[in-house]
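Worksheet: the structure to be examined is printed underneath.
Numbered from 1 within each chain, the chains take letters A, B, ... in sequence-line order. In this text, all values refer to a predicted model and were calculated from it rather than measured experimentally.
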Amino acid sequence: MDPFVEEILELVGTALRQAGAAELPEGLARMIERPPDPAMGDYAMPCFTLAKALRKPPPAISSELAAVIGERLTGSRLLSGVVAAGPYLNFRVNTAAMAGLTVPAILDGSYFGRNRERQGDDTTAEKVMVEYSQPNTHKAFHVGHMRNVALGDALVRILEYDGRQVVAANYIGDVGTHIARCLWYYENHREELPPQYHEPPGEEHPEERGEWLGMLYTAAVQKITGSEEQVRLHYDREVSRVLQALESREGEVFALWEQTRAWSLEAFGEIYRWLGARFDHVFYESDMDRLGRQMVDDGLAAGVFVHSQGAVGTDMEEHGLGFFLVLKGDGTTLYATKDLALARIKFEQFGIARSIYVVGAEQKLHFRQVFKSLELLGFSQATLCHHLAYGLVVLPEGKMSSRQGNTIPFSQLRREVNDYIETNYMSAHREAGIGEDDGLWSAEEIQETTRRIAVAGIRYGMVKQDPARQIVFNLEDWLVSEGDTGTYLCYAYTRIQSVLRQVQQARGAEPDPAAPLEALTHENERALISDLHDFNRVARRAAENLAPHLVANAVFQLCKSFSRAYATCPVLRAETEELMAARLALFAATGRLLLEGLRMLGIEPPERM
RNA sequence: GCGUCCGUAGCUCAGCAGGAUAGAGCAUCGGAUUUCUAAUCCGACGGUCGCAGGUUCGAGUCCUGCCGGACGCGCCA
């Protein structure tokens with residue numbers, strides 16, 4: 001626990017006993033909060049709930065406690081003041097003590113292990129699987145899918161920071177009607193497209209073939225849905241034949257499926273590389289068919305599933321979940337069938353203690369049905385499955401719709417973001433030097449820096465918001481450096497690195513964990529120290545609530561505090577040697593923590609920009 | 001029709017298991033640079049927290065109802 005809170009509780013506890021309270025109220029620790037204005041104090045305890053036990057009005061209690069505690073405070077190393085403010089008891093911490101507890105710990109790395117202590121003893125860390133991304137092959141990967149990757153990957157990193165062992169899993173949708181439609185169009189109708197689209201992109205751009213398939217799929221859907229009913233039924237029968245040919249797992253269509261599937265996977269790989277997303281294991285929908293079918297049979301035997309209107313499913317009305325279909329009338333499996341199988345495989349083959357699904361909110365009912373079915377099938381781990389639902393990504397002009405052609409596919413997104421950064425920022429480095437070395441930047445550095453800033457902008461924009469809400473994607477808003485953006489975070493980091501480099505150059509000084517931190521007395525330094533101290537608490541809460549946006553908010557707060565301190569507290573021109581050393585240590589620690597926080601969001605900042 | 005989620009400043013969003021004058025960013029207006037990157041910092045302007053009840057010493061936060069929006073509700077994934 002926070003040592004400051006611990007000491008406050010200790011002091012309040014003994015003071016209360018002195019005041020004649022028979023027993024301490026439950027959850028006193030949770031009552032400790034932060035005052036709205038730092039000028040009031042660093043920690044506050046409201047005295048409302050004590051009123052009943054002591055039978056006195058809250059303001060009287062707080063001033064009484066302040067008097068008693070104030071006397072005992074002289075011996076405290078951590079706290080420097082206590083004052084009653086109406087019904088509140090406000091504590092001020094000894095800034096040097098707080099700095100002493102955080103700055104050296106960050107610099108030597110021990111700060112980052114703190115959240116990992118949760119496991120204790122000899123037991124191995126809790127193993128949890130985070131399934132995310134789940135792209136469909138033969139479909140285009142667009143901005144909407146980026147939110148999933150940003151969220152899932154951040155969650156993986158946050159849970160790891162908090163001491164869990166995490167298996168990052170992908171689940172590729174490589175079977176289903178959409179693929180049959182794509183291949184049906186490929187075989188019979190692609191000549192109807194403009195000539196340049198008749199054949200897939202060549203060897204020089206293999207990663208573009210995935211999007212080309214997606215375009216065929218869109219064209220197929222348009223052709224089918226745009227036809228007269230008779231024609232449409234005919235097309236549907238043709239598509240159905242393709243689907244059955246695919247499920248037979250042999251023949252010409254199957255070979256085509258293998259080839260085109262590989263194209264899509266290659267395209268996805270390129271996207272994950274660019275974003276820096278990690279996967280430890282990849283599941284394929286095409287592997288889940290057999291086990292899913294078997295589970296349906298078992299469920300039928302057990303009476304969990306029943307035949308209904310020619311298909312198989314279960315009425316979950318008594319649980320408020322409607323009807324859940326697990327096998328189609330023609331005997332083929334559904335997404336649902338395969339999800340039953342996948343859930344089982346995850347626990348049985350990976351020995352996980354928890355299974356998290358990062359999937360859009362529109363599938364909430366589906367997952368509740370899946371989890372309930374598993375429970376009814378006697379699968380005890382059903383309660384350890386959790387669906388992290390998130391809202392849609394929309395454009396400023398409204399919902400994305402592939403029919404209106406206003407989705408933003410990955411390749412277009414990357415191009416536009418890169419162009420924006422290059423013309424607005426990077427061009428300066430190409431034409432003239434910046435900062436300490438006046439040389440031009442190499443093409444490689446410009447390219448890599450551009451990529452990092454682009455990824456920071458997109459990832460930060462995607463994770464900074466509460467997952468439950470819709471997100472409005474606006475490229476320019478997400479990249480402008482003024483304000484709450486990934487660019488701003490990167491800029492703060494590069495400024496810190498720049499200070500460190502220059503102090504090293506000018507004075508040969510390295511950040512020293514033993515620096516005299518008591519020299520840090522400026523209010524902006526105080527605020528920064530407080531943010532450093534607070535970070536692990538936020539990280540813990542983010543992990544427990546599966547809420548990456550809390551980390552994002554904390555990182556932004558940290559950058560704001562740093563920027564304020566940077567503007568008011570120079571290092572090289574500090575008044576004294578002690579102050580310089582202290583600020584150097586403080587900024588170095590800030591940079592180190594910022595880097596860690598950015599990495600939790602999947603952002604790798606550039607060293608300069 | 002039923003269910004789930006959302007509704008906070010002109011715009012985009014925070015608000016931590018109810019607590020002090022509701023916070024940021026953008027936009028608008030004004031200021032700061034011979035000094036570690038101004039991709040920055042400071043200030044001003046801007047809110048009956050969708051509406052109405054209820055619980056509570058205290059409600060943006062919990063409960064109920066209504067209004068508005070999004071999504072879902074058997075052979076897509």
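Contact annotation: A:His319 does not reach the phosphate of B:rC73 (side-chain N/O to OP1 or OP2, under 4.0 Å). Proximity of A:Arg469 to the phosphate of B:rA14: a side-chain N or O atom is located under 4.0 Å from OP1 or OP2. At the phosphate of B:rC71, OP1 or OP2 sits under 4.0 Å from a side-chain N or O atom of A:Lys399. Regarding contacts with the backbone of B:rA39, every side-chain N or O of A:Tyr493 stays at 4.0 angstrom or more from both OP1 and OP2. Residue A:Lys560 has a polar side-chain atom (N or O) positioned under 4.0 Å from OP1 or OP2 of B:rG25. For the pair A:Arg30 and B:rC16, the criterion of a side-chain N or O lying under 4.0 Å from OP1 or OP2 is not met.
A:Gly322 comes within 4.0 angstrom of nothing in the nucleic acid, heavy atoms only. Looking at heavy-atom distances under 4.0 Å, A:Cys47 makes no contact with the nucleic acid at all. Nucleic acid contact class of A:Gln309 (heavy atoms, under 4.0 Å, all strands): base. A:Asn474 comes within contact range of no nucleotide atom at all, as no heavy-atom separation falls under 4.0 Å. Note on A:Leu500: nothing from the nucleic acid sits closer than 4.0 angstrom, heavy atoms only. When heavy atoms are screened at a 4.0 angstrom cut-off, A:Pro35 is found touching base atoms of the nucleic acid. Among the heavy atoms of the strands, none lies under 4.0 Å from A:Ala51. Using a 4.0 Å heavy-atom criterion, one finds that A:Asp477 contacts no nucleic acid atom at all.
The CD atom of A:Glu525 sits 17 Å away from the P atom of B:rC41 (whole-angstrom rounding). For the pair A:His178 NE2 and B:rC76 C1', the interatomic distance rounds to 10 Å; values are reported in whole Å. What separates CD of A:Glu482 from P of B:rC11 is a distance of 21 Å, to the nearest Å. Put simply, CZ on A:Arg495 is 16 Å from P on B:rU33, counting in whole angstrom units. Regarding A:Glu33, its CD atom lies at a distance of 13 Å from the C1' atom of B:rA17, rounded to whole Å. Here the C1' atom of nucleotide B:rG7 and the CD1 atom of A:Ile471 are 17 Å apart, to the nearest Å.
For B:rC42, the base has no donor-acceptor partner in the side chain of A:Arg564 [N/O atoms by modelled type, under 3.5 angstrom]. Side-chain atoms of A:Asn90 and base atoms of B:rA20 include a donor and an acceptor less than 3.5 Å apart. Side chain A:Ser308 to base B:rG74: a donor-acceptor pair is found below 3.5 Å. Within 3.5 Å, no donor on the side chain of A:Glu362 pairs with an acceptor on the base of B:rG72, nor the reverse.
The existence of a salt bridge linking A:Asp534 and A:Arg537 is confirmed by a sub-4.0 Å separation between a basic side-chain nitrogen and an acidic carboxylate oxygen. We find that A:Arg540 and A:Asp162 are joined by a salt bridge, their nearest charged nitrogen and carboxylate oxygen being less than 4.0 Å apart. One finds no salt bridge joining A:Lys560 and A:Asp531 here, because no Lys/Arg side-chain nitrogen approaches an Asp/Glu carboxylate oxygen to under 4.0 Å. With respect to A:Glu577 and A:Arg507, a salt bridge is recorded, a charged nitrogen being found less than 4.0 Å from a carboxylate O.
In this structure, of B:rC75, B:rC26, B:rC36, it is B:rC75 that holds the atom nearest to the side chain of A:Lys328. Residue A:Ala468 has its side chain nearest to B:rC5 when only B:rC5, B:rC16, B:rA39 are considered. Comparing B:rA20, B:rU40, B:rC36 by their nearest atom to the side chain of A:Met40 picks out B:rA20. Among the nucleotides B:rC16, B:rA77, B:rC13, the one closest to the side chain of A:His366 is B:rA77. Side-chain proximity of A:Ser563 to the nucleotides B:rG25, B:rU40, B:rG72 is greatest for B:rU40. Looking at the side chain of A:Thr177, the nearest of the listed nucleotides B:rC76, B:rU12, B:rA14 is B:rC76. If you check B:rC36, B:rA77, B:rC16 against the side chain of A:Gln363, the one that comes closest is B:rA77. Side chain of A:Arg541, nearest nucleotide from B:rU8, B:rA70, B:rA17: B:rA17. Of the candidate nucleotides B:rC75, B:rA39, B:rC13, B:rA39 has the atom nearest to the side chain of A:Met426. For A:Thr487, whose side chain is taken as the heavy atoms from C-beta onward, the closest listed nucleotide among B:rU21, B:rA39, B:rA38 is B:rA39.
Counting only N and O atoms by type, the side chains of A:Asp289 and A:Thr333 include a donor and acceptor under 3.5 Å apart.
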| Going through the distances and angles, do A:Arg526 and A:Asp42 end up as a salt bridge (Lys or Arg N to Asp or Glu O under 4.0 Å)? | CA-CA 10 Å; A:Arg526 270 185 67 95; A:Asp42 300 295; 2.9 Å; yes
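The gap from the C1' atom of B:rC16 to that of B:rG60 amounts to 14 Å, rounded to the nearest Å. Taking atom C1' on both B:rC42 and B:rG25, the two are 16 Å apart, rounded to the nearest angstrom. Straight-line distance between the C1' atoms of B:rC75 and B:rC49: roughly 45 Å, to the nearest whole Å. Remark: the separation of the C1' atoms in B:rC67 and B:rG53 is 15 Å, to the nearest Å. If you take atom C1' in B:rA9 and the same atom in B:rG47, they sit 5 Å apart, rounded to whole Å. The P atoms of B:rU56 and B:rU48 are separated by 29 Å, rounded to the nearest whole Å. Separating the P atom of B:rA24 from that of B:rC62 is a span of 23 Å, rounded to the nearest Å. Taking atom C1' on both nucleotides, B:rU21 is separated from B:rG15 by 15 Å, rounded to a whole Å.
Base pairing of B:rA17: no nucleotide in any strand meets the Watson-Crick or G-U wobble criterion (both distances under 3.5 Å). When Watson-Crick and G-U wobble pairs are counted only if both distances are under 3.5 Å, B:rG58 pairs with no nucleotide at all. In this entry B:rC11 has B:rG25 as its Watson-Crick or G-U wobble partner, both defining distances falling under 3.5 Å. Pairing for B:rG46 is absent, with no Watson-Crick or G-U wobble pair whose two atom distances lie under 3.5 Å. B:rC5 is paired with B:rG69 under the Watson-Crick or G-U wobble criterion, all donor-acceptor distances under 3.5 Å. When both pairing distances are held under 3.5 Å, B:rC41 makes a Watson-Crick or G-U pair with B:rG31.
Residue ring and nucleobase are not stacked for A:Phe324 and B:rG74 under a centre distance beneath 5.5 angstrom and an angle between planes beneath 30°.
Between A:Phe4 and A:His533, the ring center distance clears the sub-6.0 Å criterion. Aromatic rings of A:Tyr357 and A:Phe371 (six-membered ring for Trp) have centroids within the 6.0 Å cut-off, being under it.
Of the two residues contacting RNA chain B, namely A:Ala567 and A:Pro467, the nearest-nucleotide position lying further toward the 5' end is that of A:Pro467. In terms of position on RNA chain B, the residue among A:Leu365 and A:Gly483 whose nearest nucleotide sits closer to the 5' end is A:Gly483.
Glycosidic conformation of B:rA17 is syn; the angle stays within 90° of 0.
Contact of the A:Val555 side chain with the A:Leu489 side chain is registered, since non-hydrogen atoms from C-beta on lie closer than 4.5 Å.
In terms of modelled atom types and a separation under 3.5 Å, the side chain of A:Arg452 and the main chain of A:Pro605 share a donor-acceptor contact.
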